Amino acid sequence: MAKDKFKISFCEATAAAFKSLYADKYENAGDVQIFSSNFIYENLEKPKDPSMGRFALPVFRFGKLLEDKPPSIAAKVAPESNKFLSSSQNGPAIVIIEAAGGFLNARPNAELAASSTIEAVLAAGKDYGNSTVGQQRKILIEYSSPNIAKPFGVGHLRSTMIGNSLRKIFKALDYDTMGINFLGDWGTQFGKMIVAYRKWGSEDTLKNNSAQNLLELYVKFHETAKEDSSLDDDAREAFKKLEQGEKSEVELWEKFKNISRTEFDRIYKMLGVEFDWVTSESFLNDKMAAAIESLEKAGLTSISESALIVDIDDPQLPPVLLRKADGATLYATRDVAGLFYRWQEYKFYQSLYVVGSAQSDYFKQLFKLIELKEKAESLSDNDRMSGKVKHIEFGWVKFGDKAMSTRQGNIVILEDVIDKAAELAKKRIKEKNPKLKTIEETSRIIGTGAVIFSQLSVRRQKDVRFDWDQVLNFEGETGPYLQYTHARLCSLLRNYDGKVTTDIDFALLAGNEESRVIDLLADFPDTVEDAARDYDPFYIAAMLLKLAGAFNRFYQRKNAQGKIDRILSDNKELSAARIALVKSVQLVINKGLYLLGLEAPQEM
RNA sequence: GCCCUCGUAGCUCAGUUGGAUAGAGCAGUGGUUUCCUAAACCAAAGGUCGCAGGUUCAAUUCCUGCCGGGGGUACCA
């Protein structure tokens, strides 16, 4: 929670009330617990129901200390605190405190909350929600990282969008952020592709719609290999040749790679996803030997079943394989080399790997390996990356009741989904707003917005179901709902013929609906920090939905006559006050959508 | 077998370090537009929080066991 003046006043007032009401207990206990305003501050909570107040102090746990019953404590302290508040200030009390059972609920003075919040938002503008907590510390975020020679499926979307959003969030908090796309362009799978291509493919396979053709080859390989395991041996052999630099294998590999790269670039552009560094596994080919050597030097390696391994001293985890029995390397070999390389190169504050939870054991292995190595080298804390590298895991994208798996061909092509969503959006625009000039562009924005938001509106750790009906529904808790609300706010701003200013009567914004909107606006900076702390953009998505809902209720509020209480009316003073709130909401929704990686249309 | 993870309304999900009558959206029901964009808003309806114990003033939240889904478990990435 942000240190705002409302909370500070509340804490000082209640601490004073406790001291005077329970003077004998205070004498014995001293300046601890509820007698300390700092302690109270740390124990503030947010009520479940916003109508109960903006923040609250539960007093249950102080029953023993005060030898009093919680409801009785609250009932005594509330009026005493209020008395303290009104006597210590001239003018109206800054917060009003109410007892409710064992809780002390606090409601900031609506007019003061409106002025401090709206002034803060409008002064900061697009920078509202930013902070300097990052202090330019280096943070690496690896995300997306699809495998070459496979199509970009909905399954890749989760990592891509979570990472893309985290990159923006950390940038907003002034971290020196580096988004990394680590393409899978090496490994036995390319042996498989080469074998499959030679068996069933031709030049044509690489021409039209070739990414799709590559997928078919890949799936066919796995289907056939189930019956005939000699194919797997062939694949290992082909990869070994590739790794040894055999010309015909390398040529094929490069063709696969180029096809995929072109495809990926197009998709990232469509999604608005950015990276600061696009690298790949093969980039590390010449760095693996040194990595292995350093592990050997640290005395960590051994030979087991003719493979080179690091036994990581953990009964729960298997050893890390660095070299297979046939001498070829593995993904882990490259990842380890990559870890060392990035640490050496960037000396990061943190390095994040946005990768599915299926690989959580694997990351535990890697981190353990680092820990052992740095211990063996007896590095100083400053020189250790141990503890700075994190696996940001997330749940599966499920399709039907199965996890999406390229190998089983259970995959939905991302582009198909976006196309379908955009098409539907276009249809809706033609019905609702046929005069819109930018139909094509706007329907694209809405379609991608729907798809992206579907990935961010569930907590990171949980599986997310891909369901056509849900993705193509633009109502309720969806990206298009937020975008629509934004367009509506922009429309109000267009219709207002004055200038937006904070030179207004904030008392006109003291209604319940307005106060709810204002509370949420005030929470936004905290929400951004929460999202960074838990590496989960979901917090922002959830907050925006609440904000949009709160605004829409305000927008459609009816007066006593049952008519809409319009934001813009003949009452100039009222319109000026309301438009300042409108502008604030528009800025925050715009910023929030940006941090999530969605575009915010002006009109739709 | 062992390890990890999840189990909340018909469906999809929230529920912050334990706290106030467990909240939204979708679907379904009823309503709101002389139109500041109805992709919206309002109302009613819908729940033994997987099951059983335990810790606590207080458990959906923490601990143990069981049941059920998913994942992982050295030469895939």
Side-chain angles (χ1 to χ4, degrees), chain A residues 42-43 45-49 52 56 58 60-61 63-64 69-70 100-103 105 145 147 184 186-189 192 232 235-236 281 304-309 311 315-326 328 330-332 334-335 355-362 364-365 393 395-396 398 401-403 407 425 428-429 431-433 446 454 457-459 461-465 467 469-470 473-478 480-485 487-488 490-492 494-496 530 534 538-539 542 545-546 548-549 552-553 555-558 562 564 566-569 575 582 603-604:
Chain A
E42 295 305 315
N43 283 279
E45 289 179 4
K46 198 178 280 184
K48 277 192 172 169
D49 182 348
M52 296 188 281
F60 302 95
R61 70 183 67 167
K64 266 187 198 147
K69 291 198 165 141
F103 289 88
N105 291 335
S145 307
N147 288 323
W186 207 246
T188 313
Q189 53 173 334
K192 294 178 182 176
D232 285 322
R236 274 190 281 274
E281 288 184 51
S304 167
E305 296 170 37
S306 39
L308 181 70
I309 66 160
D311 187 350
Q316 241 60 277
L317 296 170
V320 179
L321 261 87
L322 296 174
R323 215 159 20 217
K324 299 196 275 188
D326 67 1
L330 292 102
Y331 178 74
R334 291 179 285 283
D335 240 2
V355 179
S357 56
Q359 289 182 51
S360 76
D361 277 358
Y362 167 73
K364 279 184 201 148
Q365 285 176 276
E393 55 185 313
W396 287 95
K398 288 183 177 172
D401 51 359
K402 282 191 213 147
R407 291 186 198 176
R428 296 291 281 278
I429 295 173
E431 288 162 18
K432 291 161 183 292
N433 192 5
I446 296 165
S454 73
S457 59
V458 174
R459 286 218 111 170
Q461 291 86 345
K462 292 186 69 163
D463 292 349
V464 49
R465 222 166 276 274
D467 176 9
D469 291 342
Q470 217 171 303
N473 181 8
F474 299 160
E475 277 153 33
E477 298 172 334
T478 66
Y481 170 65
L482 294 176
Q483 291 171 321
Y484 173 75
T485 306
R488 185 181 247 180
C490 289
S491 171
L492 284 166
R494 276 194 303 272
N495 290 337
Y496 183 66
D530 288 347
D534 287 355
F538 165 80
Y539 288 89
L545 288 171
K546 279 190 206 157
N552 282 323
R553 275 191 290 282
Y555 180 86
Q556 292 193 346
R557 177 175 59 191
K558 287 177 181 167
I564 296 280
R566 296 164 58 105
I567 287 173
L568 301 178
S569 65
S575 302
V582 165
E603 208 178 335
M604 65 188 259

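Throughout, a chain's letter reflects where its sequence line sits, starting with A, and its residues are numbered from 1. All figures in this text were calculated on a predicted structure; none of them were measured in a lab.
- Looking at heavy atoms from C-beta onward, A/K364 lies out of side-chain contact with A/Q316 at the 4.5 angstrom threshold.
- The distance from the CG atom of A/L321 to the CD atom of A/Q365 is 9.0 Å, given to the nearest 0.5 Å.
- Within the 4.5 Å cutoff, no side-chain heavy atoms of A/R465 are placed close to those of A/Q470.
- When distances run from any side-chain atom of A/R459 to the nucleotides B/rA77, B/rA14, B/rA40, the shortest one goes to B/rA14.
- Contact between the side-chain N/O atoms of A/R323 and the OP1/OP2 oxygens of B/rA74 is not found at any separation under 4.0 Å.
- Distance CE (A/M604) to C1' (B/rA38): 12 Å, rounded to an integer number of Å.
- With both ends at atom C1', the span from B/rA24 to B/rC41 equals 15 Å, rounded to whole Å.
- Distances shown here put a side-chain N or O of A/Y481 below 4.0 Å from the OP1 or OP2 atom of B/rC41.
- B/rC36 sits 35 Å from B/rA14 when the P atoms are compared, rounded to a whole Å.
- At least one donor-acceptor pair under 3.5 Å links the side chain of A/T485 to the backbone N or O of A/Y481.
- Using a distance-only test at 3.5 Å, with no hydrogens or angles considered, no donor-acceptor pair links the side chain of A/Q556 to the main chain of A/I564.
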Listed pairs, N/O of protein and of nucleotides 26-34 of chain B, under 3.5 Å:
from	atom 1	to	atom 2	distance (Å)
B/rU32	O2'	A/K558	NZ	2.6

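- A sub-4.0 Å separation between OP1 or OP2 of B/rA14 and a side-chain N or O of A/K462 is present.
- Here the separation of B/rA22 from B/rU61, taken at their P atoms, is 15 Å to the nearest Å.
- Rounding to the nearest 0.5 Å places CG of A/L330 at 11.0 Å from CG of A/D335.
- For the C1' atoms, the distance from B/rA44 to B/rU48 is 24 Å, rounded to whole Å.
- At the phosphate of B/rA77, OP1 or OP2 sits under 4.0 Å from a side-chain N or O atom of A/R334.
- The P atoms of B/rG23 and B/rC66 are separated by 33 Å, rounded to the nearest whole Å.
- Take the nearest nucleotide of RNA chain B for A/N105 and for A/S357: the residue whose nucleotide is more 5' is A/N105.
- Distance, A/N552 CG to B/rA38 C1': 10 Å, rounded to whole Å.
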Given A/Y555 and A/R566, is the side chain to side chain donor-acceptor pair (under 3.5 Å) satisfied, shown in steps? CA-CA 7 Å; A/Y555 180 86; A/R566 296 164 58 105; over 6 Å; no

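- At a threshold of 4.0 angstrom between heavy atoms, the contacts of A/G184 with the nucleic acid are absent.
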Test log, rule side chain to side chain contact (heavy atoms under 4.5 Å, CB included), inputs A/R428 and A/I446: CA-CA 11 Å; A/R428 296 291 281 278; A/I446 296 165; over 6 Å; no

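- The two residues A/M604 and A/N433 have their closest heavy-atom pair at O-ND2, 2.9 Å.
- Within the 3.5 Å criterion, the main-chain N or O of A/D530 finds no donor-acceptor partner in the side chain of A/D534.
- Rounded to whole angstrom, the span from the CD atom of A/Q365 across to the P atom of B/rA77 amounts to 14 Å.
- Between A/K46 atom NZ and B/rG23 atom C1' the separation is 15 Å, expressed in whole Å.
- Distance A/R465 CZ to B/rC13 C1': 11 Å, rounded to the nearest Å.
- A/Y555 does not qualify as a stacking partner of the B/rC41 base, lacking a centre-to-centre distance under 5.5 Å together with planes within 30°.
- Here the straight-line distance linking atom CG of A/L545 with atom OG of A/S457 works out to 7.5 Å at 0.5 Å rounding.
- For the OP1/OP2 pair of B/rC41 and a distance below 4.0 Å, the side-chain nitrogens and oxygens of A/R553 include no atom meeting the criterion.
- Rounded to whole Å, the separation between the P atoms of B/rA45 and B/rC62 comes to 32 Å.
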N/O contacts under 3.5 Å, protein versus nucleotides 55-64 of chain B?
from	atom 1	to	atom 2	distance (Å)
B/rU60	O4	A/K48	NZ	3.2

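- Regarding contacts with the backbone of B/rA77, a side-chain N or O of A/T188 is found under 4.0 angstrom from either OP1 or OP2.
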Once pairs are restricted to Watson-Crick or G-U wobble with both distances under 3.5 Å, how does RNA chain B read as a dot-bracket string, [ ] for crossings and | for other-strand pairs? (((((((..((((.........))))..((((.......))))......(((((.......))))))))))))....

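- Contact check for A/W186 versus A/Y331: no side-chain heavy atoms found under the 4.5 Å cut-off.
- Among the nucleotides B/rG19, B/rA77, B/rG70, the one closest to any side-chain atom of A/E281 is B/rA77.
- Rounded to a whole angstrom, the distance from the P atom of B/rG65 to that of B/rC2 is 11 Å.
- Atoms CD1 (A/I564) and P (B/rC36) sit 8 Å apart, rounded to a whole Å.
- The gap from the C1' atom of B/rC3 to that of B/rC49 amounts to 27 Å, rounded to the nearest Å.
- Using a 4.5 Å heavy-atom threshold, the side chains of A/Q461 and A/S357 count as separate.
- In this entry the distance linking CE of A/M52 with C1' of B/rG23 reads 11 Å, nearest Å.
- As rounded to whole Å, 15 Å separates atom C1' of B/rU5 from atom CD of A/Q316.
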